[in-house]
*Asks:* 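I have a structure here, written as C-alpha cells, and I will follow up with some questions on it.
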Amino acid sequence: MPEVPEVEALREFLDGRLVGREIVRVLPLTVNVMKTYDPPLSALEGATVTAVDRHGKFLDIVAYGPARRGGGRRARRERLHLAVHLARAGWLRWKDTFPDAPPRPGKGPLALRVVLSEGDGFDLTEAGTTKRLAVHLVRDPSDVPGIASLGPDPLDDSFDRAAFAALLAGERRQLKGALRDQRLIAGIGNAYSDEILHAAKMSPFKPVHNLSEDEITVLYEAMRTTLTEAVGRSRGVAAGGLKAEKRSGLRVHGRTGETCPVCGDTIREVSFSDSSLQYCPTCQTGGKPLADRRMSRFLK
C-alpha cells in the first residue's frame, strides 16, 4: 500500500502536471470506485485544478468548477475536492494520450480516468479481485470520513517530539499497531512501521506504555528520519517508478530470509491472516526470534 513517502511523491508529481489545467472528463470505470454522489462527477467538467494536497494516504485534487449562476447576478465557482485513497493494490498511471474509444467499464484493472483539456491525464488502476480503492468528490475534505478521523501528519513541521510524546501518553497497544493507526498518526502503514522500528532498534511487540523518555526520543527521530529520507528518494521519480523506488529503499520490510544490512543477521517474519511484519532479531529483539503467531510472545 502506498504510504506517506509515495503519496507525497505522487502529490508533487501531480502538482506539476495538473495545477492550472482544465478537467474535461472524469470516467468511473468500476461500480464501487465512487463513494460519494453529491456533487456529481459532472461538476468537475470544465473545472480548473488549483492545488494538489495530501492528507495522510489520501491525495486531494482541488479544483474550482465552471462558473454557475446562483440566485443573484454574480456567477459562482464551486470549490471541489477529488479525494483518492489508493488502498493496498491501487495506483496512478499518467497518460500523455488516451485511445479514441472509451474504455469498457468493469474490464481489467481500470477504476477511474481523468482527462484534461489537452488530451493527457491519468488513470487510477487496482490490481486483484478485492476492490478497495476509494474516490470521493466533496466540497470539503473533512466530508471524507477517513480524512476527518486522521491523526497528525508525521512530516508536518509542528509535529515535534513533544507532540509525539503527548499522542503516546496512555497508549496501551504495541508499537507496531500504534504506528499503523491512522487515527493516531496519519500515513504510516505496514512497510514503514517495520522500517521505523528497525531503525529505532525496537521490537514491534513492545508495549507503548513501557517506553522510557529516551526511547520515545529515539522512536520519534527514527520515524522522522525514515520518512524524510524515503520522501527524498522518491522526489522527482515519475509515478511509474515509485513502487520500485520504495522496494529498493526498504531494509527489512518484504525481505524475509535476507541479510540485515546493519548487523548481518537473517531477517525474520511474523505472519497474520491478512499481512506480515519483518524484523531483525539481533537489532530489535535481543537476538530472540518472535513467535510467528498473533500473540506477541518470544519462542521458548
*Asks:* Do side-chain atoms of Glu245 reach the backbone of Val237 as a donor and acceptor pair under 3.5 angstrom?
*Replies:* no
*Asks:* Quick one, Val208 and Gln174 - any side-chain contact, counting heavy atoms below 4.5 Å?
*Replies:*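 Result no, sub-4.5 Å side-chain heavy-atom pair not found.
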*Asks:* Tell me the closest heavy-atom pair linking Ser271 and Ser276, and the distance in Å.
*Replies:*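 Smallest heavy-atom distance, with atoms named: CA-CB, 4.0 Å.
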*Asks:* If Ile, Leu, Val, Met, Phe, Trp and Tyr residues are connected whenever their side-chain heavy atoms lie under 4.5 Å apart, and connections chain through other members, are Leu211 and Phe164 in the same group?
*Replies:* yes
*Asks:* Salt-bridged, Asp181 to Arg173, with N to O below 4.0 Å?
*Replies:*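 Salt bridge flag = yes for Arg173 with Asp181.
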*Asks:* In terms of hydrophobic clustering (I, L, V, M, F, W, Y; side-chain heavy atoms under 4.5 Å; direct or indirect links), are Leu80 and Leu59 co-clustered?
*Replies:*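 Yes, Leu80 and Leu59 fall within the same hydrophobic cluster.
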*Asks:* Using salt bridge (Lys or Arg N to Asp or Glu O under 4.0 Å) as the criterion, point out the one residue from Glu6, Glu12, Glu229 that pairs with Arg235.
*Replies:*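 It is Glu12, the one option of Glu6, Glu12, Glu229 that forms the salt bridge (Lys or Arg N to Asp or Glu O under 4.0 Å) with Arg235.
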*Asks:* Sub-3.5 Å donor-acceptor pair from the side chain of Arg77 to the main-chain atoms of Pro66, do we have one?
*Replies:* no
*Asks:* For a 4.5 angstrom cut-off between non-hydrogen side-chain atoms, does Thr36 reach Met34?
*Replies:*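 Yes; the side chains approach each other to less than 4.5 Å.
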*Asks:* Can you see which heavy atom on Gly56 is nearest to which on Val7, and at what distance?
*Replies:* O-CG1, 4.1 Å
*Asks:* May I have the step-by-step check of side-chain contact (heavy atoms from CB on, under 4.5 Å) for Glu3 and Lys246, ending in yes or no?
*Replies:* CA-CA 10 Å; Glu3 302 177 35; Lys246 177 180 181 178; 3.6 Å; yes
*Asks:* Before accepting this row, confirm whether a basic side-chain N of the pair Arg224/Asp160 lies closer than 4.0 Å to the acidic partner's carboxylate O.
*Replies:*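 Looking at Asp160 together with Arg224, the answer is no, because their closest N to O distance does not fall below 4.0 Å.
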*Asks:* Would Ile196 and Ile267 show up in the same hydrophobic cluster when neighbours are defined by side-chain heavy atoms closer than 4.5 Å?
*Replies:* no
*Asks:* Using the rule that two of Ile, Leu, Val, Met, Phe, Trp, Tyr join whenever any of their side-chain heavy atoms come within less than 4.5 Å, decide whether Leu179 and Leu168 are in one cluster.
*Replies:* yes
*Asks:* With heavy-atom distances below 4.5 Å as the criterion, would you say the side chains of Asp123 and Leu92 are in contact?
*Replies:*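 With C-beta onward as the side chain, the pair stays apart.
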*Asks:* Is it the case that more than 12 heavy atoms not belonging to Arg54 sit under 6.0 Å from its CZ atom?
*Replies:* yes
*Asks:* Is a donor on one side and an acceptor on the other found under 3.5 Å between the side chain of Ser275 and the backbone of Phe272?
*Replies:*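 A pair under 3.5 Å: no.
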*Asks:* Using modelled atom types only, decide if a donor and an acceptor are shared between the side chain of Arg172 and the backbone of His209 within a distance under 3.5 Å.
*Replies:* no
*Asks:* Strictly distance-based, threshold 3.5 Å: is any side-chain N or O of His81 a donor or acceptor partner for the main-chain N or O of Ala83?
*Replies:*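 Checking the backbone N and O of Ala83 against the side chain of His81, no donor-acceptor pair under 3.5 Å is found.
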*Asks:* Between Pro204 and Gln284, what is the shortest heavy-atom contact and its length?
*Replies:* CD-NE2, 4.1 Å
*Asks:* Has the side chain of Glu126 got a donor or acceptor atom that lies under 3.5 Å from a matching backbone atom of Pro109?
*Replies:* no
*Asks:* Go through the steps for Asp60 and Val84 under the test side-chain contact (heavy atoms from CB on, under 4.5 Å), then give the verdict.
*Replies:* CA-CA 6 Å; Asp60 177 8; Val84 176; over 6 Å; no
*Asks:* Is any side-chain heavy atom of Gln278 closer than 4.5 Å to one of Arg268?
*Replies:* no
*Asks:* Would you please test Ile23 and Val26 for side-chain contact (heavy atoms from CB on, under 4.5 Å) and show each step?
*Replies:* CA-CA 8 Å; Ile23 297 171; Val26 182; 3.8 Å; yes
*Asks:* Using side-chain heavy atoms (C-beta onward) and a distance below 4.5 Å, is Leu277 in contact with Glu269?
*Replies:*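 Side chain of Leu277 against side chain of Glu269, heavy atoms only: no contact under 4.5 Å found.
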*Asks:* Locate the shortest heavy-atom distance separating Ser203 from Leu175; write the atom from each residue and the value.
*Replies:* O-CD1, 3.7 Å
*Asks:* Which is it for Thr217 and Arg161 under the side chain to side chain donor-acceptor pair (under 3.5 Å) test, yes or no, and what are the steps along the way?
*Replies:* CA-CA 7 Å; Thr217 299; Arg161 192 267 183 203; 3.1 Å; yes
*Asks:* Quick check: do Tyr279 and Asp194 have side-chain heavy atoms less than 4.5 Å from each other?
*Replies:* no
*Asks:* Working to the nearest 0.5 angstrom, can you tell me the gap between Arg251 CZ and Glu195 CD?
*Replies:*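 The CZ atom of Arg251 sits 8.0 Å away from the CD atom of Glu195.
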*Asks:* Decide side-chain contact (heavy atoms from CB on, under 4.5 Å) for Leu167 and Ile185; before the verdict, give the C-alpha distance in whole Å, the side-chain angles of both, and the deciding distance to 0.1 Å.
*Replies:* CA-CA 9 Å; Leu167 281 182; Ile185 304 172; 4.0 Å; yes
*Asks:* Could you give the distance from CE (Met202) to SG (Cys283), rounded to the nearest 0.5 Å?
*Replies:* 13.0 Å
*Asks:* In the structure I gave you, are the side-chain heavy atoms of Phe122 and Ile61 within less than 4.5 Å of one another anywhere?
*Replies:*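 Sidechains of Ile61 and Phe122: in contact.
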*Asks:* For the residue pair Arg11 and Phe13, would you count it as a cation-pi contact if the rule is NZ or CZ under 6.0 angstrom from the ring centre and within 45 degrees of the ring axis?
*Replies:* no
*Asks:* Would you please test Asp156 and Ser158 for side chain to side chain donor-acceptor pair (under 3.5 Å) and show each step?
*Replies:* CA-CA 5 Å; Asp156 194 287; Ser158 65; 2.6 Å; yes
*Asks:* Nearest 0.5 Å, please: how far is CG in Leu41 from CG in Leu27?
*Replies:*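 Answer for the CG-CG pair, Leu27 versus Leu41, is 9.0 Å.
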*Asks:* Taking atom CZ as the centre, does Arg132 end up with more than 12 heavy-atom neighbours from other residues, nucleotides or ligands that are less than 6.0 angstrom away?
*Replies:* no
*Asks:* Could you pull out the closest heavy-atom pair between Gly187 and Gln182, with the gap in Å?
*Replies:*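 For Gly187 versus Gln182, the nearest heavy atoms are N-OE1, 2.7 Å.
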*Asks:* Can you check side chain to side chain donor-acceptor pair (under 3.5 Å) on Thr125 and Arg93, steps first, answer last?
*Replies:* CA-CA 8 Å; Thr125 63; Arg93 303 181 186 279; 3.2 Å; yes
*Asks:* Please report the interatomic distance CG(Asp53) to CG(Leu14), rounded to the nearest 0.5 Å.
*Replies:*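 Output value for this atom pair is 11.5 Å.
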*Asks:* Side-chain heavy atoms nearer than 4.5 Å, only ILVMFWY residues, links allowed to pass through others: does that put Tyr220 and Leu184 together?
*Replies:*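 Cluster IDs for Tyr220 and Leu184 match.
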*Asks:* Verify salt bridge (charged side-chain N to carboxylate O under 4.0 Å, His left out) between Asp140 and Arg79, making sure each step is shown before the conclusion.
*Replies:* CA-CA 8 Å; Asp140 190 295; Arg79 182 181 172 94; over 6 Å; no
*Asks:* Nearest 0.5 angstrom please: Leu133 CG to Lys35 NZ, how far?
*Replies:* 8.5 Å
*Asks:* First locate atom CG of Leu116, then atom NZ of Lys95, and finally report the distance between them rounded to the nearest 0.5 Å.
*Replies:*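 Reported to 0.5 Å precision, the distance equals 14.0 Å.
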*Asks:* For the residue pair Val49 and Leu18, what are the closest heavy atoms and their distance?
*Replies:*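 Looks like CB-O, 3.3 Å.
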*Asks:* Could you check whether any side-chain heavy atom of Pro39 comes within less than 4.5 Å of a side-chain heavy atom of Arg139, counting everything from C-beta outward?
*Replies:* yes
